[in-house]
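First the structure, in the form of structure tokens, and then the observations on it.
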Protein chains: 2
Amino acid sequence: MASLQNRPGQGRRRASHSMESVVTEAVALLDEAGEPALTFRALAQRLGGGVASIYWYVANKDELLDLATDHVIGSILADIERLPSSDDPVDDLRAMALTLFDAIVDRPWLGAYFMRNTDAQSNSLRLYEKLGRETLRLDLTAQQRFHAVSAVIGVVVGSAVDLGQEPPQEVLDGHVDRDQFLGRAAQAWRELDPQDFPFVHEIVDEFDGHDDADQFRSALELTLAGLRLQAGA
Amino acid sequence: MASLQNRPGQGRRRASHSMESVVTEAVALLDEAGEPALTFRALAQRLGGGVASIYWYVANKDELLDLATDHVIGSILADIERLPSSDDPVDDLRAMALTLFDAIVDRPWLGAYFMRNTDAQSNSLRLYEKLGRETLRLDLTAQQRFHAVSAVIGVVVGSAVDLGQEPPQEVLDGHVDRDQFLGRAAQAWRELDPQDFPFVHEIVDEFDGHDDADQFRSALELTLAGLRLQAGA
DNA sequence: GGCTACGATAGAACAACGTTCGATGCGATG
DNA sequence: CATCGCATCGAACGTTGTTCTATCGTAGCC
């Protein structure tokens with residue numbers, strides 16, 4: 001598949017890409033400014049070629065996103081396979097989920113496309129298998145194992161979606177940082193009637209300046225605790 | 001705010017909308033065919049008016065989506081407030097989460113915009129409060145309560161995102177129904193090497209023809225079990 | 001009753017996007 | 001040297017969100 005490297009002779013007339021370079025640059029664009037930044041025109045400019053050329057490698061933008069997603073999941077999978085294995089499958093499951101979460105923190109756009117299509121995303125399937133294998137070490141029915149992995153992935157995706165929300169323009173512009181933004185929302189909450197919103201008042205200090213990672217870890221811990229209970233350990 | 005109703009006299013020259021009608025029709029479009037169906041032109045045609053008129057009511061599409069989301073969350077909130085209250089806060093939390101899930105099954109597009117912006121979505125905040133109030137009846141710290149509600153919402157959103165994925169074209173066209181589609185994916189999984197994918201083989205029969213609601217209920221149950229444990233009950 | 005101010009409407013235009021078309025370059029093969 | 005097919009690209013198309021500008025129609029005033 002398009003193995004020849006660049007050999008522009010002289011006067012850069014035509015560009016010659018490769019599947020690799022297309023996907024890599026696509027990921028780079030996504031990393032820089034999320035999904036809106038990945039346009040065929042921006043990608044073509046980066047590759048030093050024409051817009052239509054990209055369509056020789058991918059059928060459409062959806063496929064491009066699938067390939068980009070699968071590509072980075074490949075490296076996440078490598079991270080996860082590098083993790084030490086313990087004698088407690090739940091501990092291992094937690095470690096994997098945390099690794100996954102960290103990767104999504106670095107690439108918030110991942111959340112939206114994660115696990116969308118295990119056909120086109122073969123690394124997703126491998127990741128799914130890797131997580132699931134831990135449940136084989138637990139005393140569960142097949143259905144419980146299926147649901148357990150779905151639940152863990154659900155927790156990750158649920159947190160990832162939060163992370164993936166494009167922050168408001170002022171934060172992107174750098175005029176306001178995340179803590180200020182959170183603080184401003186918290187302040188609005190504090191001004192609500194405590195009679196009508198007792199819970200919001202109870203937790204507003206926790207919300208103000210909270211850490212997304214803590215939030216994720218807690219949610220994961222609840223699920224894992226439930227899983228441990230289910231496995232009767 | 002634009003209270004006058006239509007009174008076209010004769011010869012429908014100009015249309016007169018209202019905030020209500022704009023949001024209602026926007027929701028109708030979303031319900032019919034998801035986010036891609038909600039375009040300003042389609043909405044204008046439905047309202048019998050011009051495209052630019054809509055901008056008198058909303059600043060941009062994001063705001064329109066926020067309003068539409070908040071509108072339907074309002075009716076979900078009403079459903080939830082109609083639920084009977086028991087003496088077990090965890091049971092009540094489960095009932096609320098299930099009601100929420102059912103609503104998202106009916107409106108898969110909701111998943112993507114749910115809880116995106118509690119400023120513009122005041123019903124989201126009320127829903128958040130409603131869920132959180134149950135945790136006030138549990139023996140938890142403020143931080144645990146904050147995390148507990150986030151976790152429950154995370155489970156819902158995690159499942160909702162799955163549901164929200166636009167099914168492939170052939171399913172939308174009605175050429176292939178969901179079970180056939182699932183079955184085909186399952187078949188592909190069955191053809192994988194069992195040595196490389198023991199877990200996938202273990203659960204492929206569960207995956208084939210599985211019910212999303214079951215999957216959600218199981219994930220929720222794990223989180224709630226963990227929560228009960230945490231509350232020491 | 002005319003006049004005005006303003007709330008509300010709308011058509012046309014713009015820029016950006018995904019996608020398609022047709023033509024063209026270029027290296028390998030005969 | 002001619003041919004073939006992989007790979008490339010500029011230009012164009014249709015659709016989208018959004019803005020500009022012009023206009024209508026009614027409530028309120030002199």
Side-chain angles (χ1 to χ4, degrees), chain A residues 1-23 25-26 29-30 32-68 109 112-113 120 166 169, chain B residues 1-23 25-26 29-30 32-68 109 112-113 120 166 169:
Chain A
M1 339 174 144
S3 52
L4 295 184
Q5 276 314 81
N6 238 330
R7 185 83 48 85
Q10 67 206 28
R12 31 13 195 155
R13 271 294 146 75
R14 331 188 91 235
S16 87
H17 318 318
S18 72
M19 189 76 255
E20 261 270 323
S21 65
V22 168
V23 175
E25 291 304 317
L29 281 169
L30 287 166
E32 282 170 29
E35 198 265 0
L38 177 56
T39 71
F40 279 78
R41 286 170 176 83
L43 183 53
Q45 189 164 13
R46 247 217 216 205
L47 291 166
V51 192
S53 306
I54 304 170
Y55 282 89
W56 194 86
Y57 296 95
V58 300
N60 51 44
K61 187 167 183 182
D62 254 31
E63 192 176 303
L64 181 57
L65 279 166
D66 276 340
L67 286 168
W109 55 270
Y113 310 104
E166 299 284 331
Q169 199 56 41
Chain B
M1 339 170 149
S3 50
L4 293 185
Q5 277 316 82
N6 239 329
R7 186 83 49 83
Q10 66 208 29
R12 28 14 194 158
R13 273 291 146 75
R14 331 189 92 234
S16 89
H17 317 319
S18 72
M19 189 77 256
E20 261 269 324
S21 65
V22 168
V23 175
E25 291 303 317
L29 281 169
L30 288 167
E32 282 169 29
E35 199 264 3
L38 178 56
T39 70
F40 278 78
R41 284 167 178 86
L43 183 54
Q45 188 164 14
R46 223 180 240 243
L47 292 165
V51 192
S53 306
I54 303 171
Y55 281 89
W56 193 87
Y57 296 95
V58 300
N60 51 45
K61 187 167 183 181
D62 254 30
E63 192 176 303
L64 181 57
L65 280 166
D66 276 341
L67 287 169
W109 55 270
Y113 310 105
E166 300 282 332
Q169 199 56 40

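Quick caveat: nothing in here was measured; it's all calculated off a predicted structure. Quick note: numbers below take in every heavy atom, side chains included, and nothing from hydrogens, waters or symmetry partners.
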In this structure, are over 12 heavy atoms from other groups packed under 6.0 Å from Gln45(B) atom CD? no
Measure from the side-chain heavy atoms of Ser16(A) and tell me the nearest of dT16(D), dT8(D), dT19(C). dT8(D)
Taking only N and O in the side chain of Tyr57(B), is any of them less than 4.0 Å away from OP1 or OP2 of dT9(C)? yes
Measure from CZ on Arg14(B) to C1' on dT26(D) and round the result to the nearest Å. 11 Å
Measure from CG on Leu29(B) to C1' on dT16(D) and round the result to the nearest Å. 15 Å
Contact summary for Met19(B) and Val58(B), nearest pair of heavy atoms: CE-CG1, 4.0 Å
In whole angstroms, how far is the C1' atom of dG17(D) from the CG atom of Leu64(B)? 12 Å
Taking every non-hydrogen atom, the tightest pair across Ala15(A) and Gly48(A): CB-O, 3.1 Å
Rounded to whole Å, please give me the gap between CD in Glu63(A) and C1' in dT19(C). 14 Å
Which one, dT19(D), dT18(D), dC21(C), comes nearest to the side chain of Ala52(A)? dC21(C)
Over how many whole Å does the gap from Gln45(B) atom CD to dT9(C) atom P extend? 17 Å
Could you pick out which residue, Phe40(A) or Gly49(B), lies toward the 5' side of DNA chain C when each is mapped onto its nearest nucleotide? Gly49(B)
Among Ile54(A), Leu43(A), Leu38(A), which residue satisfies the side-chain contact (heavy atoms from CB on, under 4.5 Å) criterion with Glu25(A)? Leu43(A)
In whole angstrom, what separates Lys61(B)'s NZ from dT16(D)'s C1'? 8 Å
Glu35(A) and Tyr113(A): which non-hydrogen atoms are nearest, and at how many Å? CG-OH, 2.7 Å
Picking from dT9(C), dG17(D), dG10(D), the nucleotide nearest the side-chain atoms of Trp56(B) would be dT9(C)
How would you label the contact of Leu47(A) with the nucleic acid (heavy atoms, under 4.0 Å): base, sugar-phosphate, or nothing? nothing
So Ile54(B), base contact, sugar-phosphate only, or nothing? Heavy-atom distance under 4.0 Å. nothing
Under 4.0 Å between any heavy atoms, over every strand shown, what does Ser53(A) touch: base, sugar-phosphate, or nothing? Just pick one. base
Distance, rounded to the nearest Å, where Leu43(A) contributes CG and dC9(D) contributes C1': 14 Å
Find which nucleotide of DNA chain D each of Gly50(A) and Arg41(A) is nearest to by heavy atoms, and output the residue with the more 5' nucleotide. Gly50(A)
Side-chain atoms of Val51(A) come closest, of dA10(C), dC9(D), dT19(C), to dT19(C)
